[in-house]
Amino acid sequence: MESGAFFVPWFDKDGYIEGINGKKLLVLGASFYCNQDGKRNERCEYYDDCTINLNTRKYDLRCPYNNGRPLHDLPTDDLCEDAPAHKNFFDLFKDFLGDKELNFDDFWKKAAFTNYVQHELGNRTDTQASDCKEEYLVMFEDVLSKLPQIPDVVITWGSIIDKELKKKKESDKYPNFENTCNKNDCYKFLWKNYAGKDITFLCFYHPCCKRWFRNKKEWCYMLDLLKKEFSSSR
């Protein structure tokens, strides 16, 4: 298994460095999904090997259903207003910023995006703990290294991938690294002394889950976390 991340994160260099109220933000989703399973859509000849056997990297330039685009660019290609998760997340930040004129594209120019799982999932549209292979934590650190600068804040989507990030307890590269995760705060933790800075992780429900829409208390709590983290720049 290669150590480098397969999916290349989306970012607009200038917008990402400018950030949101001075904070550089990485939005970390869970997984990409292939629906060419022969049930919902025409079955791809590579489907089993690409998704079930985790060999998405092998078909990077061979996928016949990705409009001639490499699969490694899915973080960029999937970032559109028609994608419910991205649109719902934008709506949350629009509420937080109180800017009625803010549009989708301008917001996402100020944030980086990718997914944690480094292969496409098949047969389902939910990320499970078993999808988070041990090597994907190393690949996430590779994602951080590919950004123009280390993010100040990482916002995770869903209740699976944050558990993987909370597991990291030490770093060979950064001997003073510390993970502040504790069972009393499931929404926030820090990677301290990582590449010379502290990274704050905010753990939100997935923007497509029912809690995102139907739980006003949850919505207000996410807004409160954003206010505390983004109200002043470092």
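At a threshold of 4.0 Å, the pair Asp152-Lys197 counts as salt-bridged, since one of the basic side-chain nitrogens sits closer than that to a carboxylate oxygen. Salt-bridge check for Asp49 with Lys58: passed, with a basic side-chain N closer than 4.0 Å to an acidic carboxylate O. Taking a cutoff of 4.0 Å between a charged side-chain nitrogen and a carboxylate oxygen, Lys109 and Asp105 do not qualify as a salt bridge. Between Lys173 and Glu141 there is no salt bridge, since no side-chain nitrogen of the basic residue lies less than 4.0 Å from a carboxylate oxygen of the acidic one. With respect to Asp60 and Arg69, no salt bridge is recorded, no charged nitrogen being found less than 4.0 Å from a carboxylate O.
Other residues, nucleotides and ligands contribute only 12 or fewer heavy atoms inside 6.0 Å of the NZ atom of Lys13. Within a 6.0 Å sphere centred on NZ of Lys39, heavy atoms belonging to other residues, nucleotides or ligands number 12 at most. The neighbour count for Lys166 NZ, taken as heavy atoms of other residues, nucleotides or ligands under 6.0 Å away, is above 12.
The closest side-chain heavy-atom distance from Lys133 to Leu54 is below 4.5 Å. In this structure, the side chains of Val117 and Cys132 come closer than 4.5 Å at one or more pairs of heavy atoms. In this structure the side chain of Ile199 never reaches within 4.5 angstrom of the side chain of Leu190, judged on heavy atoms. Counting heavy atoms from C-beta on, the side chains of Leu144 and Pro151 come closer than 4.5 Å. At a threshold of 4.5 Å between non-hydrogen side-chain atoms, the residues Ile155 and Leu28 do not count as touching. Taking 4.5 Å as the limit, some side-chain heavy atom of Lys23 sits within range of a side-chain heavy atom of Glu229. Within the 4.5 Å cutoff, side-chain heavy atoms of Lys168 are placed close to those of Phe177. In this structure, Val153 and Leu26 have side chains that are not in contact, with every pair of non-hydrogen atoms separated by 4.5 Å or more.
Not counting sequence neighbours, the partners of Phe93 by the ring pair (Phe, Tyr, Trp, His ring centres under 6.0 Å) test are Phe89, Phe96, Phe107, Phe230.
In plain terms, the two heavy atoms of Ala30 and Asn115 that are nearest each other are N-OD1, 3.1 Å. When every heavy atom of Leu225 is checked against every heavy atom of Leu202, the shortest pair comes out as O-CD1, 4.4 Å. For the pair Ala112 and Leu147, the tightest heavy-atom approach, listed with the atom from each and the gap, is CB-CD2, 3.8 Å. Across every non-hydrogen atom of Pro70 and Asp77, the tightest pair is O-OD2, 4.3 Å.
Transitive grouping of hydrophobic side chains (ILVMFWY, heavy atoms separated by less than 4.5 Å) brings Leu223 and Phe204 into a common cluster. Linking Ile, Leu, Val, Met, Phe, Trp and Tyr residues whenever their side-chain heavy atoms come within less than 4.5 Å places Tyr174 and Leu165 in a single cluster. A single hydrophobic cluster is seen to contain both Phe104 and Ile20, as judged by linkage of ILVMFWY side chains at heavy-atom distances under 4.5 Å, directly or through other members. Note on Ile161: it does not cluster hydrophobically with Val138, by side-chain heavy-atom contacts below 4.5 Å among ILVMFWY residues. No path of Ile, Leu, Val, Met, Phe, Trp and Tyr side chains, each step under 4.5 Å between heavy atoms, connects Val27 with Val8, placing them in separate hydrophobic clusters.
Between His119 and Tyr136, the angle of the ring planes lies from 30° to 60°, which puts this pair in the tilted group. Classified by interplanar angle (parallel below 30°, tilted 30° to 60°, perpendicular above 60°), the ring pair Trp191/Phe201 is tilted. Classified by interplanar angle (parallel below 30°, tilted 30° to 60°, perpendicular above 60°), the ring pair Phe113/Trp157 is tilted.
From Lys110, atom NZ reaches atom OH of Tyr16 across 14.5 Å, with rounding to the nearest 0.5 Å. Here the straight-line distance linking atom CG of Asp126 with atom SG of Cys208 works out to 12.5 Å at 0.5 Å rounding. Atom-to-atom distance recorded for Leu61:CG and Leu71:CG is 8.0 Å, nearest 0.5 angstrom. Atom CE of Met139 sits about 11.5 Å away from atom CD of Glu134, to the nearest 0.5 Å. Rounded to the nearest 0.5 Å, atoms CG (Leu102) and NZ (Lys94) are 6.5 Å apart. To the nearest 0.5 Å, atom OH of residue Tyr47 and atom OH of residue Tyr59 are 13.5 Å apart.
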Report the C-alpha separation of Glu18 and Lys24 in whole Å, then their side-chain angles, then the decisive distance to 0.1 Å, and conclude whether the salt bridge (charged side-chain N to carboxylate O under 4.0 Å, His left out) test is met. CA-CA 7 Å; Glu18 177 187 349; Lys24 291 176 286 295; over 6 Å; no
Under the side chain to side chain contact (heavy atoms under 4.5 Å, CB included) criterion, do Asn182 and Phe189 qualify, and how do the steps go? CA-CA 8 Å; Asn182 68 78; Phe189 64 98; over 6 Å; no
Mind running side chain to side chain contact (heavy atoms under 4.5 Å, CB included) on Leu121 and Thr51 for me, showing each step along the way? CA-CA 5 Å; Leu121 300 189; Thr51 62; over 6 Å; no
Residue pair Tyr187, Tyr221: steps toward the ring pair (Phe, Tyr, Trp, His ring centres under 6.0 Å) verdict: CA-CA 10 Å; Tyr187 287 92; Tyr221 190 72; 4.7 Å; yes
Determine, step by step, whether Asn66 and Leu74 satisfy the side chain to side chain contact (heavy atoms under 4.5 Å, CB included) criterion, reporting the C-alpha distance in whole Å, the side-chain angles of both residues, the deciding distance to 0.1 Å, and the verdict. CA-CA 9 Å; Asn66 201 40; Leu74 281 176; 3.8 Å; yes
Please evaluate residues Asp131 and Arg124 with respect to the criterion salt bridge (charged side-chain N to carboxylate O under 4.0 Å, His left out), reporting the C-alpha separation (whole Å), side-chain torsions for both, the decisive distance (0.1 Å), and the verdict. CA-CA 12 Å; Asp131 298 315; Arg124 52 188 166 81; 2.7 Å; yes
Decide yes or no on side chain to side chain contact (heavy atoms under 4.5 Å, CB included) for Leu226 and Leu92, but give the supporting numbers first. CA-CA 10 Å; Leu226 295 179; Leu92 175 70; 4.0 Å; yes
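No side-chain donor-acceptor contact under 3.5 Å links Asp162 to the backbone of Cys203. Between the side chain of Arg43 and the backbone N or O of Gln36 there is no donor-acceptor pair closer than 3.5 Å. No side-chain donor-acceptor contact under 3.5 Å links Glu178 to the backbone of Lys192. At distances below 3.5 Å, at least one donor-acceptor pair connects side-chain atoms of Thr56 with backbone N or O atoms of Glu120. Lys146 places no side-chain N or O within 3.5 Å of a backbone atom of Asp142 that could act as its donor or acceptor partner. Judged purely by atom type and a 3.5 angstrom limit, Tyr116 has no side-chain atom pairing as donor or acceptor with the backbone of Ile160. A donor-acceptor distance shorter than 3.5 angstrom exists from the side chain of Asn88 to the backbone of Pro84, with no hydrogens or angles considered.
The closest side-chain donor-acceptor pair between Asp12 and Trp108, if any, does not fall under 3.5 angstrom.
Between Trp10 and His86, a ring centre-to-centre spacing not shorter than 6.0 Å is recorded.
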